[in-house]
2 protein chains.
Amino acid sequence: MDKVTIKEVAKKANVSIATVSRVLNNNYPVSEDVRLKVLEAISELNYQPNGVARSLKSKRTHMIGIVVADITNPYFMQIAKGVESVVSSKGYNLIFCSTNENPTKELKLLRLLNEKRVDAIVLATCDKDGSYIKQLIEHGTPVIMVDRKIHGLNADTIVEDNFNAAYNITNYLINKGHKKISVVNGLLSISTGKERFEGFKKALEDNGILLIEKYVLKGNFNREDAYNAVKNMIKEQREDLPTAIFAANNLMAEGAMIAIYEQGLRIPEDISIVSFGDLSVPQLIKPKLTLISQNAYVIGQKAGEIALEKINGEKDNYREYVMVPDLRVGESVKQV
Amino acid sequence: MDKVTIKEVAKKANVSIATVSRVLNNNYPVSEDVRLKVLEAISELNYQPNGVARSLKSKRTHMIGIVVADITNPYFMQIAKGVESVVSSKGYNLIFCSTNENPTKELKLLRLLNEKRVDAIVLATCDKDGSYIKQLIEHGTPVIMVDRKIHGLNADTIVEDNFNAAYNITNYLINKGHKKISVVNGLLSISTGKERFEGFKKALEDNGILLIEKYVLKGNFNREDAYNAVKNMIKEQREDLPTAIFAANNLMAEGAMIAIYEQGLRIPEDISIVSFGDLSVPQLIKPKLTLISQNAYVIGQKAGEIALEKINGEKDNYREYVMVPDLRVGESVKQV
DNA sequence: ATAAACATAGAAAAGGTTTACTATAGAATT
DNA sequence: AATTCTATAGTAAACCTTTTCTATGTTTAT
C-alpha cells in the first residue's frame, strides 16, 4: 500500500540514494553499468518519485494556477486551453479555480494557490484592489493578468483593446441607423466592463446621440443576469423598445437573445443585437451574430509563454500586451 | 523575495516552531497569550505556511486530479464543476487534464498525477486497459471512474445507463416511422460508444429493422469528426439519405447539425436528428432537439463525494452507480 | 505535605528528495 | 615517479513542516 521510495531503489541497486537521484535527473555523470542497474531497480519496483519531496527541495511545483470568474465560460476555457497548450509539454499542470466574480473568494483562492506554491498564476481578476497580487509578485510568484487589468499594478498583462472595439461596434450600429441602443454590461468595477462602456459612450457622444439611462443594464458577466435584465427591460419598455442591444460579453449576448426570443421578438426584425465576444457553437445559432471576435486562445498562449519565462528568468520587467479583436459582421443588425 | 518560514515566525514570537504549528493547526492546547503572540507574528510577517512541506509530512496534497478527453467539452466541464462544488469547500483543488482521447497521453497524465501525489483521481478513461489504474488503486490512490468504465476493474464507477437510453431513443425514432437510421458514434473501444451502439442495434433488431452499414459512422467523440463523417455521408448518399441520424454524443450532434445545414438540408423536414447528451445553450438552437438528457453535474458531485470518502476512510469496497438519463422530446424528429 | 494528574512548551526525528562537499581510483601530466 | 586531473560514488545537510516524546510548573486529590 505504501509507495516505494528512493531508498528502496538504492538498496536494491546497491548504490547510494544520491546515485539514484542522479540517474533520475541526469544531471551528473554516472557510469553506464550503474545507470543500468538503477534503471532496472526502478522498473522492477515500479518506482515513481515523490513529486512533493522534489518540490520541497527544488522549490518548483510544476503547477500553474489559473483563476477566472467561471471555468465553464467558453471564453475563459479558451484562455485555459491556450495556456495548457504551451505549458503542458514542459511538464506543467494547471489548477483551475472559479471566483464566481466574488473578490473575497478570489483572495481566498490566491492564498490557497500561494500556499500550494504554484510556480505562476494566470489571473482574470474580479478585484479592483491589487494589493495581494502585488504582494505575490514581490514574493516571487509571477502573476500574469489576462483579459482584465488593475491600474497601477506591476504585472504582465494581456488584454483586448476593449475601448476601441466597443467604440467600433457601437459605431457600426449607429451607421446602421440605430439611435435607441441598449447596453447589457458587466460591473464597471471590472476593467473590461468599464472600458467597453467607455467605448460605447464615446461612440454615442461622437455621433451626438444621447445615452438613455433606462436602456443601460448591468449585472454580473453571465447568462442569467443578462437574461433577467433584458427580460425586465423588454417588459417595462414594451412601448418604447430600443432598436438595438449591445451585449458586452458572450454569455450576456446569449442571455439577451434567449430573453428576446422568449418575449416573442425577432432578431433582427424587431430588435438588433451585437455581442462582444463569440458565442458557443456560433454555426448553429441563427441569425449569425455581428460581434467582436476575441482572441482568447492566443491570450492564453501568450500568458503561458510569459509564465514560463518568468518562472525561469527575469522577474522584474513587466509589459502590457493589447490584442486587437476583429469586428465580424453577421446578420443580427437591421438597417433602420 | 524569499518566503517567510515557520522558523521566523517562531523567532519573532519567541516560541518554538512546534508551538507555531500548533496554533496553525489548532490540534493541541496552547495558552491564550502565546496564541495571540503567535497570531500577531504571523500577520506581521504575513506568513503563509508552505503547503508542499505540509503535504510531505502529512501525506495529503489536498489536490484531486480530473482526467477527461477534452476539458472544453461542456459535458466534462459539467462533471468537473460537480466535483468542484463538492470538494472545494473542503479545501481541495482540482488539476484538470485532457487526454484528447489518446490512451498514451492518458497514461502519461496519470503517472504525472501520481508523482504529484494527488489525493484522488476522477477519470473518464479513453483506455481499454486498466492495468495502470489498477496499480494506482492498489497503491492507495482512489480512482473514481466517471462516464466510461473498464470491465473487470475494481474501482468506483459512475456511469449513465447508455444501453437503455440508446435503446429508448432509437425506439422513439422507429415509432416515428424511421427505418433508415444513421448513427454517428465514437469509438467502440470506449464503453459509452460500445453500449450506445449496442442499444441502438438492439432496438433495430427488436423491430425487425436491418442495420445499414453505410449509415454507420464513427470517429472520435468530437464536433469535427462528426461534421466530416456526416458531410461525406450526405454527399455520397444524396440519392439514398437516411431519414434520421442518431448522434451518440453532444458534440457529435452539433457537428452533424452543422454538416446537415451546410449541405442545404433542413431539420427535421429533410432529415431528423436525435442526440445523446445536451447541446450547449440549447435555448438558442432551433429546432429544439430531441435528446437523452444526461446527468453530468450530478455525476461530478457523486464522484466528488466518493473521492472524499475514499480519501478519508475505507478504500477497498467498490460500487458501480448507474444514472438513468431522461428522454426529452423536442422538435427535431419528423413523423414519416 | 506528598503524590498524582494536568496543562503547556520545547527538542528532535521524520517525511523523500537534491546537492554541496568529500573521497577514491585511475588517467594524464610533468 | 611524483603530482595533478578527472570521473565516479558516497555522506550528510537542507528544504519546511508535523508530531512524538520529554520536561516543567501548576493544580487536584489524598
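The chains referred to below are lettered A, B, ... by the order of the sequence lines, with proteins before strands, and numbering in each begins at 1. Keep in mind that this is a model prediction, so the values were computed, not measured.
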Subject >> Partners passing ring-ring contact (aromatic ring centres under 6.0 Å, His included) against A:Phe96 (at least two apart in sequence or in another chain) >> reply: B:Phe96
**OP:** For B:Lys37, check salt bridge (charged side-chain N to carboxylate O under 4.0 Å, His left out) against everything at least two apart and list the hits.
**Re:** none
**OP:** For A:Glu40, check salt bridge (charged side-chain N to carboxylate O under 4.0 Å, His left out) against everything at least two apart and list the hits.
**Re:** none
**OP:** Look at the side-chain N and O atoms of A:Ser31 and state whether any lies under 4.0 Å from the OP1 or OP2 oxygen of D:dA9.
**Re:** yes
Would you give me the side-chain donor-acceptor pairs under 3.5 Å for residues 298-310 of chain A, sequence neighbours excluded?
unit_1: A:Lys310; atom_1: NZ; unit_2: A:Asp156; atom_2: OD2; d: 2.6
unit_1: A:Lys310; atom_1: NZ; unit_2: A:Asn317; atom_2: O; d: 2.5

**OP:** Take the protein atom CG of A:Asn26 and the nucleotide atom P of C:dT19, then report the distance between them rounded to whole Å.
**Re:** 13 Å
**OP:** Would you please name every residue forming a salt bridge (charged side-chain N to carboxylate O under 4.0 Å, His left out) with B:Glu84, sequence neighbours left out?
**Re:** none
**OP:** Would you indicate what A:Val15 reaches in the nucleic acid, counting non-hydrogen atoms under 4.0 angstrom: base, sugar-phosphate, or nothing?
**Re:** sugar-phosphate
Subject >> Under 4.0 Å protein heavy-atom contact, by nucleotide of nucleotides 15-26 of chain D - B base, S sugar-phosphate only >> reply: BBBBBB------
**OP:** Sorted by first residue and then second, give each salt bridge (charged side-chain N to carboxylate O under 4.0 Å, His left out) pair with at least one member in residues 93-103 of chain B; sequence neighbours left out.
**Re:** B:Glu101-B:Arg148
Original post:
With sequence neighbours excluded, what pairs up with B:Leu187 under the side chain to side chain contact (heavy atoms under 4.5 Å, CB included) test?
Top reply: B:Ser189, B:Asn220
**OP:** Please work out if B:Val52 contacts a base, only the sugar-phosphate, or nothing of the nucleic acid, heavy-atom cut-off 4.0 Å.
**Re:** nothing
Subject >> Of all pairs that satisfy salt bridge (charged side-chain N to carboxylate O under 4.0 Å, His left out), the ones with a partner from residues 115-129 of chain B, not counting sequence neighbours >> reply: A:Arg54-B:Glu115
Subject >> Close side-chain approach of A:Leu123 to A:Val146, heavy-atom, < 4.5 Å >> reply: no
Original post:
In degrees, rounded to 10°, what is the bend between the two ends of the helix from C:dA1-D:dT30 to C:dT30-D:dA1, using five pairs at each?
Top reply: 40°
Subject >> Within residues 38-46 of chain B: residues closer than 4.0 Å to DNA chain D (heavy atoms) >> reply: none
Original post:
So, A:Thr72 versus B:Gln78: side-chain donor-acceptor pair below 3.5 Å or not?
Top reply: no
Original post:
Can you tell me how far C1' of D:dA7 sits from CD of A:Glu32, to the nearest Å?
Top reply: 14 Å
Subject >> A:Lys194: partners by salt bridge (charged side-chain N to carboxylate O under 4.0 Å, His left out), with sequence neighbours left out >> reply: none
Subject >> Euclidean distance, atom CG of residue A:Asp33 to atom C1' of D:dA9 [Å, nearest integer] >> reply: 12 Å
